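First up is the structure itself, then whatever we jot down about it.
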Protein chains: 2
Amino acid sequence: MKPRDGRRRVVIEDVTPQVDAGTFPIRRICGDDVVVSAAVFADGHDHLAARVLYRHESETEWRFVQMQELKEDVWTANFVADQIGGWRFTVTGWVDHFATWSSDFAKRVAAQDQAECAEDLAATQDVALALSTGAILIREGSKRAQGDDARRLTEIAQKFETLANARKSSYENPCDDELQQLMARYPDVTHATRYKMELPLWVDRERAQFSSWYELFPRSASPVSGRHGTLGDVEQQLPEIAEMGFDVVYLPPIHPIGRAFRKGPNNMTVAPPGAPGSPWAIGDTTAVNYASVGAAVAGDCGGHKSIHPMLGTFADFERLVKSARLRGVDVALDIAFQCSPDHPWVKDHPDWFVRRPDGSIQYAENPPKKYQDIYPLNFESDDWRGLWDELYSVFEFWIERGVHIFRVDNPHTKALPFWEWCLGEVRSRYPDVIFLAEAFTRPHVMYGLAKRGFTQSYTYFTWRNSKPELQSYLEEITRPPVSDFFRPNFWPNTPDILHKSLQDGGRPAFMHRLILAATLVSNYGIYGPAYELAENAAATPPAGRSESEEYLDSEKYEIRQRDRNRPDSLVPLIAALNRIRRENRALQSNASLHFHSIDNPNLICYSKATPGFENTILAVVNIDSFNEQIGWTSLDLDRLGFSPNEKLLVEDLLTGAQYTWRDRNYVALRPGVQPAHIFRVTRLQ
Amino acid sequence: MKPRDGRRRVVIEDVTPQVDAGTFPIRRICGDDVVVSAAVFADGHDHLAARVLYRHESETEWRFVQMQELKEDVWTANFVADQIGGWRFTVTGWVDHFATWSSDFAKRVAAQDQAECAEDLAATQDVALALSTGAILIREGSKRAQGDDARRLTEIAQKFETLANARKSSYENPCDDELQQLMARYPDVTHATRYKMELPLWVDRERAQFSSWYELFPRSASPVSGRHGTLGDVEQQLPEIAEMGFDVVYLPPIHPIGRAFRKGPNNMTVAPPGAPGSPWAIGDTTAVNYASVGAAVAGDCGGHKSIHPMLGTFADFERLVKSARLRGVDVALDIAFQCSPDHPWVKDHPDWFVRRPDGSIQYAENPPKKYQDIYPLNFESDDWRGLWDELYSVFEFWIERGVHIFRVDNPHTKALPFWEWCLGEVRSRYPDVIFLAEAFTRPHVMYGLAKRGFTQSYTYFTWRNSKPELQSYLEEITRPPVSDFFRPNFWPNTPDILHKSLQDGGRPAFMHRLILAATLVSNYGIYGPAYELAENAAATPPAGRSESEEYLDSEKYEIRQRDRNRPDSLVPLIAALNRIRRENRALQSNASLHFHSIDNPNLICYSKATPGFENTILAVVNIDSFNEQIGWTSLDLDRLGFSPNEKLLVEDLLTGAQYTWRDRNYVALRPGVQPAHIFRVTRLQ
């Protein structure tokens, strides 16, 4: 078996970036420079040329950019991804006979000048013959060119022929920049090789990479003590949340809550009367229940396409979304694909669940533990197509109501091929939609979900507390191959996770964990107002365990009204951090994150910079919640855009203080008081 | 667009080994254990099962082996490649509902025993219901099973049903090993996932990985001074070469040598009358020339399918090959695809060459240097199909005359797609053929040739002389991904390369470079008798250079008769090394190569071992040709199969001396006298 054309001598390999050999797209945001590199080589010593071909899915023609040889056989070029959506790119390369000829010709002319008398004639003859070869190549080029270029090349070819026929005793080199450029514009690509595949790229809107999330429970949002909060109450809080600098307000599920096996405060198995239940137990309800307590009722309701009547109506919801949008804030909904026993799907589609031999539907369990308030969906259902369509329609339902960011609950308990399909479907119609995966699971599954289309993901940040843990984890997730498909979103707390370090460290711990989350990565979020108030009381550990990561009196099971503007609140620090993030582009992506040495295991030092060091941030954080820590830095000045021994001007964006720094600097940081420096680095004038 | 079956929940990724995402085969030798690993995972917490599927290209049915979970989500299994030729392998995985059920069931039974009185009934009811579920799964298994197994599973299912119906107050767990094994034998693979591709594997005969090459010029092989050597003379030397322990005798091109622009001694541009020329300038000749000097003449001859009449006839050649085979020795031919101006292809196929504007054929040149004795082939010829076929036929011609090993001259100046096709064609018909690439070129091209089918390759070993150079290079080429497609063959000298270190270091340098080549990698070779005699006189450097790597009075241009058994010959050392290589399986592959620390930059310490440490070799080599070097080792005992602090018995296979060693040992090695220890490591009795 022979290849179609054996004259394609160029080989193209090792094209980067790619995820799993092109199985999944690499991810970028709109406006990013996409840097492509490839090994491009052939037999022998001919000169080569190569291009990156790229196009948005809406374009039928390839655009291209010429590649440059970066080092031996490795070529590179960049293009700007100037539109959200799907892209393809690939690499093509060919033997550039004119470039080879031109380089050899220059050597011939030089040799002719240095030739001994005896060899003069032979050398000159070679030059004349080579000129004829050049004329042929240029004439072929003129046939590929158009208009003036074609005429000009024909002229040059004629000039070369005349020169060749002149049989002079010594030649000048007639090749000039004009000729090189003209010939480069019309290369002979007859035998060009194309890389074996087109690689996929997905371009998101900027918020996919740079976002600040604020999670709150609408039912706790009422300013009136004892009253069930509403979407309207959330709308009232929007100015304050936007003022703090958040651009995503994320609401736990807003659907009616199941009544069967409803959980009581502190996860009690039997709920006392009036207990509001967990918003993640999504169920059915009837008008009756809520009419009695004065809620706005939208008739028959239930399931993932309805709103809990105590929270409000669709009109309220749409007003909230609109009001948020006016402030540049996205409302993000939590999509939890699971059902309480009274969810309408249970009645309408019992085949979407596992049935037990006695005909009952299998509830969630981890023997011997039972979670009878939750029915998991069965992704091996014979009616998987019907199930997939219905789940997809949930996203579409809310997208049409203005929701363009979703936080997906426990995506790792739903089939991965479903996500690949569903997120692909959503993106093909609504390319600006962002999905945050609550994938607190094993690395392969967490990354598997990201590859299949989740825009952002929760991470292990919460459980990375020591300096080596933080550094090695950050280095893993902010560099290729991981950073090509995975975007971390750091949460120092969630309604499910109050980490031991916060329980023990209290307010000082809340401060430095917040600073780390907001400056180490460009996507972060907090669950408030528990965070602002540094709430650190944990629930009683479960039997047989010495620790719990659950909140005491968790808001998951009861309404908790609080005042985020209490005197000891962290609101000012949060607002400062969000302002610093907005004002410094260096903090709006992760690729440049670099850890610098500092001689104290409780001090962590890192920098981020824009590609040309137009904006450079250098942070030092004390990760000890109890003691002042002092240390000396050893900065890698090149990672800050400076030469060795150069001095830097650093301005602490938290305090306004300015210092002159070099590679070695003394630092002293006190927990709770000044736990960190966040410096903007500039050049001394 | 929906996948064919959305119920396939298992994801299979990161299958290793693979070369360039399955574009090229991984290489193994017959009898190798092929270790396959893969990330196999799914949503949720179900138990999974996975298999490696594999088959030789001659088989239509897959064989399979069950995979085991090595660490979180990473599964592995091995199979033995028991036949040379092409293989395919892939991975399949599925959710093992029976295993999930069985594991949950054990927990239920345990929980039932620990349950509080009040919960007894509920727990027992759960166990009974779970038994019914188990019965259903087992009954389904019985339908997939055959014969006795099917009957037995039906019996067990019935027993489970009876137990479930008994509604006992407490249950034993009726699952036993027999049931687990039966169910594992008949898994439900309805929704199994298959890895997206079948990965290629190529299995060579053992000599592809373990070979000792001896290169000699037949024309220098005559025992009679001044007489042109013959193939018969080579045959006479075979016992001696085999006695030294070599198993490949490699002959530079044995074809007629071109007369046009023939080179004289020391690469003189004009050859004096009677100069034999370079064997790599393959040309045409007529009977007349050689008849006059008494050579056996086979009529009209010339080109790559003929034998130089002064060397002998095809009958002589076949006798040589047969005689070698009787001694377990392969005769390897050098295939140099280039032509002198009087090669028959030039006359018959002028279109296989580049023509200059004056109609003449383009000779090789690197302006201003000219190599007018050589016409390179043009792989962009319009008749590339004809050219490819002819080149292929050269290999087939010699294969049919008993040659199953080829050394290919300068393969990097011929198109890579040609090699991919040509070597594939040869291998599909003659799977035992071995190709050694003389690819002294850039890394991408060198590796590109290996990926496209060269069995072994020359390397940069000659230019890696310091300890860090040797260690980092060896670590690159003996580990995946490189070792999956690239097999190094180390040559301390070749007719083209007499390295500065040998020129300066003389006999002691020849000793330690030989020891390194023979023990660092499993394929090595020397060019003799220049090597045995430590010939170190270099040619005058070319104009403008301070060094030459060419031999003085190079055998490439003249006949050089020598006595390899001179008193100072290295034959005894060579014979000892080849014996050690044959007797120690550790030295017959490279995967286990490990460098140990030793506190002297002129001492290099490394080990190789068989997978179970049945055979372990530890070497220490002094790479200084002039001075005794002493040092202390710090051995990684686990890489030798020993526990920390354990003592080892080491026996020097060069001297017979025995020592008791631990991790730290004193070593003193003298160049030229005892430049190395090659220890066999065993346990103290």
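Fair warning: this is a prediction, and the values are worked out from it, not measured in the lab. Here is how names work: the chains are called A, B, and so on, in the same order as the sequence lines, proteins then strands, and each is numbered from 1.
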Exercise. Given a strict heavy-atom distance threshold of 4.5 Å, which part of Phe24(A) is in contact with chain B: side chain, backbone, both, or neither?
Worked result: side chain

Problem set entry | 4.5 Å side-chain heavy-atom contact, Pro368(A) and Gln112(B) | no

Problem set entry | Worked check of side chain to side chain contact (heavy atoms under 4.5 Å, CB included) between Asp5(A) and Trp384(B) | CA-CA 9 Å; Asp5(A) 190 343; Trp384(B) 62 273; 3.7 Å; yes

For this session: Using a cut-off of under 4.5 Å on heavy-atom pairs, state which of Glu420(A), Lys451(A), Lys414(A) scores highest against chain B.
Result: Lys414(A)

Exercise. So, are Asp73(B) and Arg442(A) salt-bridged, with charged N and O less than 4.0 Å apart?
Worked result: yes

For this session: Only counting residues at least two apart or in another chain, list the ones meeting side chain to side chain donor-acceptor pair (under 3.5 Å) with Thr269(B).
Result: none

Problem set entry | Smallest separation among heavy atoms of Phe379(A) and Arg7(B), with atom names | O-CG, 3.6 Å

Seminar exercise, completed: Taking every heavy atom of Val11(A) against every heavy atom of Leu416(B), the minimum-distance pair comes out as CG2-CB, 3.8 Å

Problem set entry | Test log, rule side chain to side chain contact (heavy atoms under 4.5 Å, CB included), inputs Asp14(A) and His444(B) | CA-CA 10 Å; Asp14(A) 300 346; His444(B) 274 103; 3.7 Å; yes

Seminar exercise, completed: Heavy-atom closest pair (Asp20(A) atom, Lys196(B) atom, distance to 0.1 Å) is O-NZ, 3.5 Å

Exercise. With only heavy atoms counted, which part of Val95(A) is less than 4.5 Å from chain B, the side chain, the backbone, both or neither?
Worked result: side chain

For this session: Measure His412(A) against the heavy atoms of chain B and call it side chain, backbone, both or neither at under 4.5 Å.
Result: backbone

Exercise. Is Glu365(A) paired with Lys107(B) through a side-chain N to carboxylate O contact shorter than 4.0 Å?
Worked result: no

Problem set entry | Partners passing side chain to side chain contact (heavy atoms under 4.5 Å, CB included) against Asn378(B) (at least two apart in sequence or in another chain) | Val354(B), Glu380(B), Ser381(B)

Problem set entry | Top contributor to chain B contacts, counting heavy-atom pairs under 4.5 Å, from Asn366(A), Asp382(A), Leu449(A), Thr193(A) | Asp382(A)

Problem set entry | Arg452(B)/Glu13(A) ion pair, N-O < 4.0 Å | yes

Problem set entry | Closest contact, heavy atoms only, Val445(A) versus Ala42(B) | CG2-O, 4.2 Å

For this session: Check each atom of Arg356(A) against the heavy atoms of chain B and say whether the ones under 4.5 Å are side chain, backbone, both or neither.
Result: side chain

Problem set entry | Asp358(A) and Leu129(B): CA distance, side-chain angles, deciding distance, side chain to side chain contact (heavy atoms under 4.5 Å, CB included) verdict | CA-CA 7 Å; Asp358(A) 64 356; Leu129(B) 200 54; 3.5 Å; yes

